[in-house]
2 protein chains.
Amino acid sequence: MTSPSGTRPSAARQRDADRTRAEILEVAQRVFARDGYAGARVDEIADLTRTTKRMIYYYFGSKEQLYIAVLEKAYTEVRTVERTVDVAHLAPTAAIRTLAELTFDHHDAHREFIKLVAIENIHRGEHIRKSEVLANLGTPVLDLITRILEAGRVSGEFDTEADAIDVHMMISAFCVFRVANQHTFGALFGREMTAPQHRAKQRRMLGEMIVSYLRGS
Amino acid sequence: MTSPSGTRPSAARQRDADRTRAEILEVAQRVFARDGYAGARVDEIADLTRTTKRMIYYYFGSKEQLYIAVLEKAYTEVRTVERTVDVAHLAPTAAIRTLAELTFDHHDAHREFIKLVAIENIHRGEHIRKSEVLANLGTPVLDLITRILEAGRVSGEFDTEADAIDVHMMISAFCVFRVANQHTFGALFGREMTAPQHRAKQRRMLGEMIVSYLRGS
DNA sequence: TATAACTAACTCACTGGTTCGTACATTTGG
DNA sequence: CCAAATGTACGAACCAGTGAGTTAGTTATA
């Protein structure tokens with residue numbers, strides 16, 4: 001995983017396992033996200049790095065394990081950012097709207113990640129299931145939403161049967177769909193969902209949608 | 001496409017172009033939806049039909065053209081059903097809720113179609129763009145929503161900046177997400193979104209979400 | 001009505017290029 | 001000098017696509 005303990009990495013090492021691994025992962029993420037698992041070529045990934053195919057097998061063992069490593073890296077990065085969101089000091093309505101909008105921004109900025117998720121779903125989550133790293137990665141967001149919902153019910157701002165997972169799903173669905181399905185949607189309805197000129201309105205709509213729903217009737 | 005004009009197809013024909021074509025398409029849809037475009041094997045598709053690989057090339061020319069044919073068939077079927085939805089006699093609020101719920105049911109019942117769409121998006125809509133058949137397939141739904149929104153604004157039931165495409169996107173996002181992302185979502189949050197016991201609640205939530213949003217503040 | 005001529009539908013066997021993975025030799029850093 | 005890291009070259013399986021020939025079914029003709 002990392003350098004053997006006790007080594008201080010010099011700036012210009014010719015041989016640097018960590019750097020090589022990192023570069024492979026980075027390139028692999030790009031290629032897998034672009035071509036899918038079956039469509040990606042190990043030879044191409046190798047050609048796009050400063051190293052060789054041999055090193056991919058040296059470090060990752062197989063195409064599949066490389067793909068799993070890419071998934072783990074991408075998910076971990078994304079969730080790490082998510083964890084830094086601080087909306088605890090806001091009133092429930094403002095808090096959930098802010099969370100929704102930050103989630104929107106986040107997905108808008110991590111399109112490659114969304115593609116990886118879509119690819120993994122096409123494979124029925126076969127690979128993600130093999131990784132223990134990713135098992136309990138979702139709970140922080142859920143805890144946050146649970147607290148917001150609870151506060152909103154107490155204050156009377158919210159009136160809903162939805163639980164934290166439901167709310168997270170509503171938000172994710174909106175944020176993921178406009179990126180993940182942009183091409184077929186664009187082909188059928190002639191609107192580039194992810195074009196910059198629609199961003200602000202969509203962001204507003206999402207916040208409004210969630211808040212309206214939670215307020216109830 | 002069809003039998004030469006003037007022939008009446010007998011019940012037990014050994015050679016039947018239409019039947020062969022249809023069987024190839026059916027099997028191909030299953031395999032493409034299961035394995036993706038690159039992951040699907042022409043040989044496997046052939047083995048799952050009563051015909052041979054040679055016939056696939058005889059009728060469809062290439063793997064890609066077969067895939068496009070599958071897409072066209074799937075989209076056309078789905079939109080045909082969509083067109084039969086009749087909510088014109090309902091009041092705006094009831095109409096949009098019914099449309100949302102019927103869309104929900106529809107997506108719930110056509111999971112293979114959703115997978116094909118996801119696959120096509122991974123390929124950035126390259127293939128769907130090549131098909132003129134699918135170019136103006138979206139307009140009927142849009143017309144319907146436009147009319148409902150218009151009526152709702154007139155009656156004062158709706159107060160929203162969203163247009164028909166926005167509303168259709170909101171509905172689709174919810175309906176597609178819970179099917180398309182069920183595996184990664186399940187792995188991360190431990191809830192089988194598409195399990196029958198959650199269906200009714202989710203359906204209700206969608207309708208409520210759309211109606212609440214359109215009502216405004 | 002019998003059959004010859006014709007064409008669409010179909011089978012079989014094959015190929016050339018690709019692609020994952022590896023054996024083995026070599027180099028580098030500590 | 002040793003182990004980790006790297007380069008080269010290759011093999012075996014796979015896989016999209018095809019060349020060439022065959023059979024079923026239809027239509028024209030006697």
Side-chain angles (χ1 to χ4, degrees), chain A residues 1-25 27-28 31-32 34-70 123 126-127, chain B residues 1-28 31-32 34-70 119 123 126-127:
Chain A
M1 278 295 186
T2 55
S3 297
S5 61
T7 61
R8 37 177 159 43
S10 74
R13 279 169 61 127
Q14 289 187 27
R15 300 192 160 197
D16 188 333
D18 285 357
R19 206 202 54 77
T20 303
R21 275 184 66 99
E23 189 180 354
I24 292 171
L25 273 176
V27 171
V31 175
F32 278 126
R34 200 192 56 201
D35 300 337
Y37 177 72
R41 301 290 165 234
V42 178
D43 281 299
E44 196 198 351
I45 295 172
D47 289 346
L48 292 172
T49 60
R50 267 172 295 178
T51 182
T52 61
K53 183 168 66 162
R54 183 66 189 78
M55 297 315 294
I56 293 177
Y57 284 92
Y58 183 69
Y59 284 118
F60 297 96
S62 72
K63 183 182 180 180
E64 191 192 4
Q65 283 173 274
L66 172 62
Y67 172 71
I68 293 176
V70 166
H123 294 276
E126 279 166 30
H127 309 102
Chain B
M1 280 295 190
T2 54
S3 299
S5 61
T7 61
R8 35 177 160 45
S10 73
R13 278 169 63 123
Q14 290 186 29
R15 303 192 158 197
D16 188 333
D18 287 356
R19 204 203 52 79
T20 303
R21 275 185 67 100
E23 189 181 353
I24 292 171
L25 273 177
E26 215 169 278
V27 170
V31 175
F32 279 125
R34 200 192 56 202
D35 300 337
Y37 177 72
R41 301 288 163 234
V42 178
D43 282 299
E44 197 199 350
I45 295 172
D47 289 346
L48 292 172
T49 61
R50 266 172 296 177
T51 182
T52 61
K53 181 166 68 160
R54 192 68 190 79
M55 295 315 292
I56 293 177
Y57 286 91
Y58 181 71
Y59 283 118
F60 297 96
S62 70
K63 183 182 181 182
E64 190 191 7
Q65 283 173 274
L66 172 61
Y67 172 70
I68 293 176
V70 166
I119 288 162
H123 294 275
E126 279 165 29
H127 309 102

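Just so you know, these numbers use all the heavy atoms, side chains as well, and skip hydrogens, waters and symmetry mates.
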### Task
Identify whether NZ of Lys or CZ of Arg in K63(B) sits under 6.0 Å from the centre of the six-membered ring of Y37(B) and within 45° of that ring's axis.
yes
### Query
Within a strict 4.5 Å, meaning less than it, do heavy atoms of the T51(B) and E23(B) side chains meet?
no
### Task
Take atom CD1 of I45(A) and atom C1' of dT19(C), then tell me their distance rounded to the nearest Å.
12 Å
## Note on the structure
In whole angstroms, the gap separating C1' of dC14(D) from CG of D47(B) amounts to 14 Å
### Query
Are any of Y59(B)'s side-chain N or O atoms less than 4.0 Å away from OP1 or OP2 of dC10(C)?
yes
#### Entry: Between dG25(D) (C1') and D18(B) (CG): distance, integer Å
15 Å
### Message
Can you measure Y67(A) atom OH to dC20(C) atom C1' for me and round it to whole angstrom units?
### Response
18 Å
### Task
Using a cut-off of strictly less than 4.0 Å, decide whether S62(A) has a side-chain nitrogen or oxygen near OP1 or OP2 of dG21(C).
no
### Query
Hey, does A46(B) reach any base, or is it just sugar-phosphate, or nothing, if we go heavy atoms under 4.0 Å?
nothing
### Message
Could you check whether any side-chain heavy atom of T49(B) comes within less than 4.5 Å of a side-chain heavy atom of M55(B), counting everything from C-beta outward?
### Response
no
#### Entry: Among dA16(D), dT6(D), dA9(C), the one nearest Y58(A) by side-chain distance
dT6(D)
#### Entry: Presence of T52(A) side-chain N/O under 4.0 Å of dG7(D) phosphate oxygens OP1/OP2
yes
### Task
Scan A38(A) against the nucleic acid and name what it touches under 4.0 Å (heavy atoms): base, sugar-phosphate only, or nothing.
nothing
### Message
So for K63(A) and dG21(C), does any side-chain atom that can act as donor or acceptor lie under 3.5 Å from a complementary atom in the base?
### Response
no
### Message
For dT6(D) and R54(A) - does any side-chain N or O of the residue sit under 4.0 Å from the phosphate oxygens OP1/OP2?
### Response
no
### Note, R19(B) side chain near R50(B) side chain (heavy atom, < 4.5 Å)
yes
### Message
Rounded to whole Å, how long is the line connecting atom CE of M55(B) with atom P of dC10(C)?
### Response
4 Å
## Note on the structure
In whole angstroms, the gap separating C1' of dA13(C) from CG of D43(B) amounts to 13 Å
### Task
Would you tell me if any nitrogen or oxygen in the side chain of T51(B) comes within less than 4.0 Å of OP1 or OP2 on dT11(C)?
yes
### Query
At under 4.0 Å, does any side-chain N or O of Y57(B) touch on OP1 or OP2 of dT18(D)?
no
### Message
Do Y59(B) and Q65(B) make a side-chain contact, defined as non-hydrogen atoms from C-beta onward lying under 4.5 Å apart?
### Response
no
